[in-house]
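Notes to accompany the following structure.
A note on names: the letters A, B, ... follow the listed sequences, proteins ahead of strands, and every chain is numbered from 1.
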Number of protein chains: 2
Amino acid sequence: MRSENEELKTAGLKVTLPRIRILRILEEAATGARHLSAEDVYKKLLEAEDDVGLATVYRVLTQFETAGLVDRHNFETGHSVFELSKGAHHDHMVCIDTGEVIEFTDDSIEARQREIAERHGYELEDHSLVLYVRKKR
Amino acid sequence: MRSENEELKTAGLKVTLPRIRILRILEEAATGARHLSAEDVYKKLLEAEDDVGLATVYRVLTQFETAGLVDRHNFETGHSVFELSKGAHHDHMVCIDTGEVIEFTDDSIEARQREIAERHGYELEDHSLVLYVRKKR
DNA sequence: TTCTATGCAAATTATTTGCAGCACT
DNA sequence: AGTGCTGCAAATAATTTGCATAGAA
């Protein structure tokens, strides 16, 4: 397991306290609610008595995104959420009632998307698929 | 072809000038660039010398959305776009270079989504699929 | 008349930027 | 010393809201 320091260096980012702290927060969230807003991260920093400005949180998250360390998503919530980028691509399922986010992948859908783009004379660069679901009762 | 008046009444909305004008703008755009931002609509109203406030544009578009007259989309542009709701559902393909928006539907993807939700114990209520593409050269 | 709709300005929310100071090389 | 990084406040951008007034039923 690589240290935060190495991850930052590899990403070409200078190792600074705010970056380490923010990266750690994202890693801690990696298991549970993977998706944090800038505000969420900021609040966690405050809780931990780490004095980092909200502007820095935004700057760092953006840098992480550029570096490929995190993915940014825009669900229909009005603000972006960030998650530590696992190598493999995945899509999301959001529960309308609880806000819970479930990740999934489906090769057949992936393949189909590529076909559709091709058919229209385009190359698929990226995509965003979000299923809005409700628990069955 | 129903008049704007009827459409508004059916939607349970009082027939007022701003609503008629905005509905007409959306209808005019229905063929070409179907997807307009609130700002786009506002500018078209100004061009037509129709004195409608931007706040009203937002209010009316939101009402139209609630009434099912228009669909609101959040691509990765930072602002919402609206389009006259055609009965049938469709997804979008956005060209990264030109911003062009192409609509499409694919039954196999639709079906697959339902399956995936089911498999996780959920019911699919809605979904959003956007392909980000680039013209092949 | 009675209630809803609108305009305009002010308020909010999410995010970005300018700038002076600090940190690391 | 030089360049990058940060905090804070101010600046933006998109959208919403309060309120007094105009307009529809």
(message) Assess the residue pair A:Lys14 and A:Lys9 against the criterion (side-chain contact (heavy atoms from CB on, under 4.5 Å)); give the C-alpha distance rounded to whole Å, side-chain angles, the decisive distance to 0.1 Å, and a yes or no.
(response) CA-CA 6 Å; A:Lys14 201 166 284 189; A:Lys9 280 190 215 150; over 6 Å; no

Name every donor-acceptor pair, under 3.5 Å, that has one atom in a side chain of residues 126-133 of chain A and the other anywhere in the protein, sequence neighbours excluded.
| unit_1 | atom_1 | unit_2 | atom_2 | d |
| --- | --- | --- | --- | --- |
| A:His127 | ND1 | A:Gln113 | OE1 | 2.9 |
| A:His127 | NE2 | A:His89 | NE2 | 3.1 |
| A:His127 | NE2 | A:Asp91 | OD1 | 3.1 |

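- A heavy-atom distance below 4.5 Å is found between the side chains of B:Ile102 and A:Tyr122.
- With a cutoff of under 4.0 Å to any heavy atom of chain B, the contacted region of DNA chain D is bounded 5' to 3' by D:dA14 to D:dA24.
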(request) Show the numbers, then the answer: is there a salt bridge (charged side-chain N to carboxylate O under 4.0 Å, His left out) between B:Arg114 and B:Glu123? (result) CA-CA 7 Å; B:Arg114 210 158 296 116; B:Glu123 224 167 323; over 6 Å; no

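- Stems are defined here as 3 or more consecutive Watson-Crick or G-U wobble pairs with pairing distances under 3.5 Å; those involving DNA chain C are C:1-10 with D:16-25, C:12-14 with D:12-14, C:16-25 with D:1-10.
- Between B:Lys9 and B:His79, the residue whose closest nucleotide on DNA chain D is further toward the 5' end is B:His79.
- Near DNA chain D, meaning a heavy atom under 4.0 Å away, there are no residues from residues 37-44 of chain B.
- Taking atom CG of residue B:Asn74 and atom P of nucleotide C:dT15, one finds them 12 Å apart after rounding to whole Å.
- The main-chain N or O of B:Ser108 is found under 3.5 Å from a side-chain atom of B:Asp106 such that the two form a donor-acceptor pair.
- The residues B:Glu115 and B:Arg112 are annotated as salt-bridged, a charged nitrogen and a carboxylate oxygen being separated by less than 4.0 angstrom.
- Salt bridge B:Glu76/A:Arg72: absent, no basic N to carboxylate O contact under 4.0 Å.
- A salt bridge does not link B:Lys44 to B:Glu28: none of the charged nitrogens lies less than 4.0 Å from a carboxylate oxygen.
- For residues 14-64 of chain B, the set of pairs meeting the ring pair (Phe, Tyr, Trp, His ring centres under 6.0 Å) definition, not counting sequence neighbours, comprises B:His35-B:His73, B:His35-B:His92.
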(request) Take A:Ile116 and B:Met93 through the side-chain contact (heavy atoms from CB on, under 4.5 Å) test and state the conclusion after the steps. (result) CA-CA 9 Å; A:Ile116 293 169; B:Met93 201 174 326; 3.8 Å; yes

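- Of the possible polar contacts, none joining the A:Thr56 side chain to the A:Val52 backbone as a donor-acceptor pair under 3.5 Å is found.
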(message) Each nucleotide in nucleotides 1-8 of chain C should get exactly one letter: B, S or -. Can you fill that in based on protein heavy atoms under 4.0 Å?
(response) ---SSSBB

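- Residue A:Asp107 qualifies as open at atom CG: its count of foreign heavy atoms under 6.0 Å is 12 or below.
- Between A:Leu61 and A:Val70, the closest heavy-atom pair is O-CG2, 3.9 Å.
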